[in-house]
Amino acid sequence: MIYLPNNELEMAMITRNRAKFVAEWLEDNFKALSQRNIRLSIWDSSDNDDTQAVVMSYCRSHECQIRYETVSPSMAVGHKMVVPLLGVKANYVWPVADRRAFFWQEIDEKVLPLLRFGFDSIALQLKGFHAYEKIFTDLDAYSCASISAIGAAGMSMFSTRIFSFIRDNDKVCNEYEQRYAYAKGFAFVGYVYEALARSKGLNVVTTLQQLKLSKQQSHCHWLKDYAQIVYHELPRLCDNLPEVYKHRSNLPRIVVQETQSVYQKWIMQAVIAGGITKEDIRFIEENCILERLYTPEQIPGVKSCMALSPQEAAVALQSYDDGYNDINRQYISEIFKKHIQPHINGRKLIIWGMGVQSQHVVAYLASIGLDIAVYVDKNAANMPLEGGLNVVSPDNIGGPGAYYVIITTRNKYGEMWDILQRKGYRERDFFWIFQGLDEYMKEHEFHEW
C-alpha cells in the first residue's frame with residue numbers, strides 16, 4: 001500500500017440526485033482513500049435528494065473530513081467536470097463518477113507510483129491481462145491513446161498546474177466558457193487537451209484489469225442527448241483542438257470503435273429516450289458523420305438502428321439482450337469444458353459471487369447435473385439462507401483438498417487471488433471464468449449487425 005504525501009492527490013466525485021450511489025461508494029472506498037492519504041471531494045448538483053445529508057452523516061459517524069461542494073443543477077455534465085479541474089488545489093486531481101470504483105491493490109501497483117514523476121496526465125485504460133505502461137513525449141500520439149480514457153470519468157488524473165493559465169485568469173476562464181458553451185458532454189475534454197498542449201510535458205498511459213461498478217441500478221440520462229453529444233459535439237470539439245494534435249479528426253472514430261461492443265445498444269436506448277431525432281439523422285447524413293465514426297461494415301446496422309421507432313427499438317433491444325445471453329451461455333460452456341472440468345477431480349464446487357453473471361454460471365452447471373456446495377460473498381452475514389443456500393464470507397472458504405472455486409465476479413480478482421493463496425489454493429484449484437468474456441464477444445462479432 002502506498003501512502004502519498006500530503007496534498008498530492010484529490011479524488012473529485014461528480015454526482016447528481018444519487019444519494020444511494022454515494023452512500024454505497026463511501027462505504028466501499030473511503031477507507032482505501034484514507035489509508036493512502038488521498039483526499040475526497042464531492043461536487044454535487046442535486047436538486048431533489050439527500051446527498052449532502054448522506055455525506056455529512058458519513059463524516060460524523062466515521063470522524064472524517066470530506067470536502068462537499070455544490071454545483072448548479074442546470075450545468076451540463078461536460079461542464080460539471082471542469083469545475084473540480086479548476087477548483088482542486090492538490091497537486092493532482094482525479095475526477096470520478098459516483099458509480100465507478102477500483103481494485104485498490106492494482107492502483108497501488110500501476111497508478112500511484114507514477115505520481116512522483118510529475119506527468120501532466122495519467123490515463124487509465126482497461127486492457128484485461130494485456131498490461132502495459134507507456135510514456136508519451138508526442139502529444140498527437142498520446143491523444144489517440146488516451147481519448148477514450150480522458151473522456152470517461154474516473155479514468156484519468158491530471159496535474160492541477162496545467163490548468164493554472166485558466167484558473168488564475170478570469171478573462172481566459174470566460175473565454176474558455178464561451179468556446180465550449182455548446183459542448184454538453186465533452187467540454188472538459190477540450191479543456192484538458194488545450195491545457196496539455198500549452199504545458200508540453202510528459203504523459204503516460206497505464207492499464208488496469210477491471211473496475212468495480214455500483215450494484216445500484218442507474219439510468220443514463222445522457223442518452224436523451226446521445227446524438228447531440230456523439231454526432232454533433234464530439235467531431236466539432238476534436239476538429240478544433242490545437243494543431244499539435246495532427247490526427248485530431250480521427251479521435252471521434254477512436255472513441256466509438258473502442259466502445260464497439262455496446263454502441264448499437266446505446267443507439268437503440270437513445271432512440272427509445274428520444275435522443276436521436278429526424279433532424280439529427282438529417283444532420284448526420286449531410287455532414288457524413290457516420291463515415292467518420294464507423295467502418296463501412298458497421299454503417300448499415302447503425303442506420304437501421306437510427307431508423308427504428310421507439311417501440312421498434314425496444315423490441316430490438318430485447319432481441320439484443322437475448323443474443324447477449326445466448327453467447328454468454330456459449331462462452332461459459334466452452335470455458336468450463338476447457339479450463340475447469342479437467343481440474344475438478346471430484347471436488348465440491350464453490351461459486352464466488354452472487355450477481356447476475358453467477359446466475360448464468362449456476363444455470364449452466366445445473367444443466368449438466370452439477371450442484372453448488374457453497375457460495376461466497378463478502379456480505380454473507382447479512383444474507384438470508386433462502387432455498388437452502390450455503391453462503392459464507394471469504395474468510396470461511398474451505399481448503400483446496402475438498403473444493404474447487406469458480407470466481408464469477410467481473411472485478412476485484414486480485415483481492416480474491418490473495419485470499420485463496422493464503423488458504424493454500426493454487427492455479428489448478430480455481431478459475432476466474434469471465435476474464436476473457438469481452439475478447440470472446442469481439443472474436444464472435446457480437447458487436448456487429
Side-chain angles (χ1 to χ4, degrees), residues 4-16 33 37-45 65-97 111 114-124 136 139 142-143 146-147 149-204 233 237-238 240-245 248:
L4 296 175
N6 290 337
N7 205 40
E8 181 69 2
L9 175 62
E10 181 170 320
M11 180 175 278
M13 179 195 292
I14 315 298
T15 187
R16 181 171 190 265
L33 296 181
N37 201 26
I38 300 173
R39 292 182 181 179
L40 175 65
S41 56
I42 295 179
W43 305 75
D44 180 22
S45 57
Q65 291 185 342
I66 297 173
R67 178 183 177 185
Y68 177 85
E69 301 284 350
T70 57
V71 181
S72 171
S74 63
M75 185 179 290
V77 64
H79 292 273
K80 291 175 187 175
M81 291 284 291
V82 173
V83 179
L85 294 183
L86 303 182
V88 166
K89 297 298 192 292
N91 292 331
Y92 280 86
V93 56
W94 186 1
V96 299
V111 181
L114 299 173
L115 293 172
R116 69 178 184 271
F117 295 108
F119 293 111
D120 282 356
S121 68
I122 301 170
L124 315 179
F136 289 82
L139 277 176
Y142 180 66
S143 68
S146 66
I147 180 67
I150 286 178
M155 302 306 294
S156 49
M157 301 177 181
F158 307 102
S159 168
T160 55
R161 62 177 166 72
I162 69 173
F163 301 109
S164 61
F165 76 100
I166 303 174
R167 180 180 61 242
D168 301 337
N169 189 316
D170 290 341
K171 182 179 179 181
V172 174
C173 191
N174 291 333
E175 175 190 330
Y176 271 73
E177 287 180 5
Q178 295 174 15
R179 183 181 305 177
Y180 292 107
Y182 70 90
K184 292 183 178 181
F186 288 110
F188 66 97
V189 175
Y191 278 71
V192 166
Y193 282 121
E194 294 222 32
L196 293 176
R198 288 179 63 99
S199 179
K200 301 178 182 178
L202 298 179
N203 300 277
V204 63
E233 291 180 12
L237 185 146
C238 292
N240 288 284
L241 289 177
E243 291 186 2
V244 68
Y245 302 107
R248 57 190 178 275

TODO: Decide yes or no for Met157 and Val111: does some side-chain heavy atom of the first lie under 4.5 Å from some side-chain heavy atom of the second?
DONE: yes

Open item on the list: Please find the pair of heavy atoms, one from Ala197 and one from Pro242, that lie closest to each other, and give the distance.
Closed with: CB-CG, 4.0 Å

Task: Partner set under side-chain contact (heavy atoms from CB on, under 4.5 Å) for Arg116, not counting sequence neighbours - done: Pro113

Task: Residues which pass side-chain contact (heavy atoms from CB on, under 4.5 Å) with Phe163, listed by chain and number, not counting sequence neighbours - done: Leu85, Leu86, Phe158, Arg167, Val192, Ala195

Task: Inter-residue atom distance Ile150.CD1 - Met155.CE, 0.5 Å rounding - done: 11.5 Å

- [ ] Can you sort out the partners of Glu10 under salt bridge (Lys or Arg N to Asp or Glu O under 4.0 Å), two or more places apart, ordered by chain and number?
- [x] Arg67

- [ ] Kindly say whether Tyr193 contributes a backbone atom to a donor-acceptor pair with the side chain of Tyr245 at under 3.5 angstrom?
- [x] yes

Open item on the list: Looking at Thr160 and Asn91, would you say the former's side chain and the latter's main chain have a donor-acceptor pair under 3.5 Å?
Closed with: yes

Task: Over 12 foreign heavy atoms within 6.0 Å of CG, Asp168 - done: yes

Task: Heavy-atom closest pair, residues Tyr142 and Leu196 - done: CE2-CD1, 3.9 Å

Open item on the list: Ignoring hydrogens, what is the shortest heavy-atom contact between Ala181 and His79? Give both atom names and the distance.
Closed with: O-NE2, 3.8 Å

Task: Derivation and outcome, side-chain contact (heavy atoms from CB on, under 4.5 Å), residues Tyr182 and Leu237 - done: CA-CA 9 Å; Tyr182 70 90; Leu237 185 146; 3.5 Å; yes

Task: Trp43 to Ala12 - nearest heavy-atom pair and separation - done: NE1-CB, 3.4 Å

Quiz: residues 183-190 side-chain donor-acceptor pairs under 3.5 angstrom, not counting sequence neighbours:
none

TODO: Please name the pair of heavy atoms, one in Asn169 and one in Lys171, separated by the smallest distance, quoted to 0.1 Å.
DONE: OD1-N, 3.0 Å

Open item on the list: Just to verify, what does Asn203 make a side chain to side chain donor-acceptor pair (under 3.5 Å) with, not counting sequence neighbours?
Closed with: Ser121

Task: salt bridge (charged side-chain N to carboxylate O under 4.0 Å, His left out): pairs with one or both residues in residues 185-195, sequence neighbours excluded - done: Arg179-Glu194

Task: Counterpart residues, side-chain contact (heavy atoms from CB on, under 4.5 Å), relative to Val204 (two or more places apart) - done: Leu114, Phe119, Ile122, Glu133, Ile135

- [ ] Return each pair, listed once, that meets salt bridge (charged side-chain N to carboxylate O under 4.0 Å, His left out) where at least one residue sits in residues 152-166; pairs must be two or more places apart or across chains.
- [x] Asp120-Arg161

- [ ] With sequence neighbours left out, write down each residue that passes side chain to side chain donor-acceptor pair (under 3.5 Å) with Asn6, or none if nothing qualifies.
- [x] Asn37

Open item on the list: I'd like to check the side chain to side chain donor-acceptor pair (under 3.5 Å) partners of Asn7; sequence neighbours left out, ordered by chain and number.
Closed with: Arg39

- [ ] Quick one: do Ser45 and Lys80 satisfy side-chain contact (heavy atoms from CB on, under 4.5 Å)? Show the steps, please.
- [x] CA-CA 8 Å; Ser45 57; Lys80 291 175 187 175; 2.9 Å; yes

Open item on the list: Run the side-chain contact (heavy atoms from CB on, under 4.5 Å) test on Trp94 and Leu124 for me, step by step, so that the C-alpha distance in whole Å, both residues' side-chain angles and the decisive distance to 0.1 Å come before the verdict.
Closed with: CA-CA 11 Å; Trp94 186 1; Leu124 315 179; 4.2 Å; yes

Open item on the list: Would you call the rings of Tyr191 and Tyr176 parallel, tilted or perpendicular, taking 30° and 60° as the class edges?
Closed with: tilted

TODO: Could you pull out all residues at least two apart from Pro73 that satisfy side-chain contact (heavy atoms from CB on, under 4.5 Å)?
DONE: Arg16, Asp47

Task: Spacing of CD belonging to Gln65 relative to OG belonging to Ser41, to within rounding of 0.5 Å - done: 13.0 Å

- [ ] Measure across Ile14 and Pro84 and return the closest heavy-atom pair with its distance rounded to 0.1 Å.
- [x] CD1-CG, 3.6 Å

TODO: Starting at CG of Leu139, measure out to CG of Leu202 and round the result to the nearest 0.5 Å.
DONE: 9.5 Å

Task: Residues forming a ring pair (Phe, Tyr, Trp, His ring centres under 6.0 Å) with Tyr92, sequence neighbours excluded - done: none

